[in-house]
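Have a look at this one.
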Amino acid sequence: MLNVLNELKTTNNRKLVFKTKQGTLAHPNSVNATLKKALNNLHINRPGFHTHSLRHTHVALLLSQGGDIFAISKRLGHSDVGTTTKYYAYLVHEYAEMENRKTINAFKGLDLSSDVDNYQHTKKPVKRATHQINID
């Protein structure tokens, strides 16, 4: 798919991403049909996948690479970040879960025993956690 887009970029004098053989703006139905054909040629079975799905794929890719939601919002042309989080909330939540797992794993690898010993030698009472966090 990236090869096709790169080819369009190099042969496109009007700065259109999708154009007809005559160089005019392609109708969305034609673009979707071409996309479906390209997916079939690549043996990718994605019923209901259309050009707007590429927008969601783009956001998913940016979030998975640590993209900032504010920058993504501006990139998409949304007037505020609330619009972005509303439409892409499922991706934002997945990203947040991934980041939470990274944080938990980072703490799992720490050796805090010397810090606890030092803290206990100060004669200050040690507060105990009042809730439990389940770690998968």
Quiz item: NZ of K86: more than 12 outside heavy atoms within 6.0 angstrom?
Solution: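 No, NZ of K86 has 12 or fewer neighbouring heavy atoms, counting only those of other groups under 6.0 Å.
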
Practice problem: Answer yes if the side chains of T20 and Q22 hold a donor-acceptor pair under 3.5 Å, and no otherwise. | Solution: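 Short answer, yes.
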
Exercise. Please check if the side chain of S73 supplies one atom and the backbone of I69 the other of a donor-acceptor pair under 3.5 Å.
Key: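 Answer holds: no.
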
Exercise. Output the distance between atom CG (L91) and atom CE (M98), rounded to the nearest 0.5 Å.
Key: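 Answer for the CG-CE pair, L91 versus M98, is 10.5 Å.
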
Quiz item: Got a donor-acceptor contact below 3.5 angstrom from the N32 side chain to the T51 backbone?
Solution: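 A pair under 3.5 Å: yes.
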
Quiz item: Does the D80 side chain pair with the main chain of T83, one donor and one acceptor, at a distance under 3.5 Å?
Solution: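 Flag set: sc D80 to bb T83 pair under 3.5 Å.
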
Quiz item: Taking a hydrophobic cluster as the set of Ile, Leu, Val, Met, Phe, Trp and Tyr residues connected by side-chain heavy atoms closer than 4.5 Å, whether directly or through intermediates, do L42 and L61 fall within one such cluster?
Solution: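 In one cluster: no.
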
Quiz item: Which atom names give the shortest non-hydrogen contact between S53 and G48, and what distance separates them?
Solution: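 Heavy atoms only, the tightest pair is OG-O, 4.1 Å.
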
Quiz item: Once you round to the nearest 0.5 Å, how far does CG of L63 lie from CD of E99?
Solution: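 L63 atom CG to E99 atom CD measures 10.0 Å (nearest 0.5 Å).
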
Quiz item: Are the side chain of S30 and the backbone N or O of A26 linked by a donor-acceptor pair below 3.5 Å?
Solution: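 Not confirmed, S30 side chain does not pair with A26 backbone.
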
Practice problem: To the nearest 0.5 angstrom, please state how far the NZ atom of K74 sits from the CG atom of D68. | Solution: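 Those atoms lie 11.5 Å apart.
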
Quiz prompt | Any pair counted as ring-ring contact (aromatic ring centres under 6.0 Å, His included), so long as it reaches residues 62-88, sequence neighbours left out | solution =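 For residues 62-88: H56-Y88.
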
Quiz item: Run the side chain to side chain contact (heavy atoms under 4.5 Å, CB included) check on R75 and L62 step by step: do they pass?
Solution: CA-CA 11 Å; R75 183 176 183 92; L62 292 174; 3.8 Å; yes

Practice problem: Determine, stepwise, if the pair L54 / F49 fulfils side chain to side chain contact (heavy atoms under 4.5 Å, CB included). | Solution: CA-CA 8 Å; L54 296 172; F49 195 85; 3.8 Å; yes

Quiz item: Any side-chain heavy atom of L35 sitting closer than 4.5 Å to one from L39?
Solution: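 They are in side-chain contact.
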
Quiz prompt | Side chain R55, main chain L76, donor-acceptor under 3.5 Å | solution =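 Pair found, side chain donor or acceptor close to backbone of L76.
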
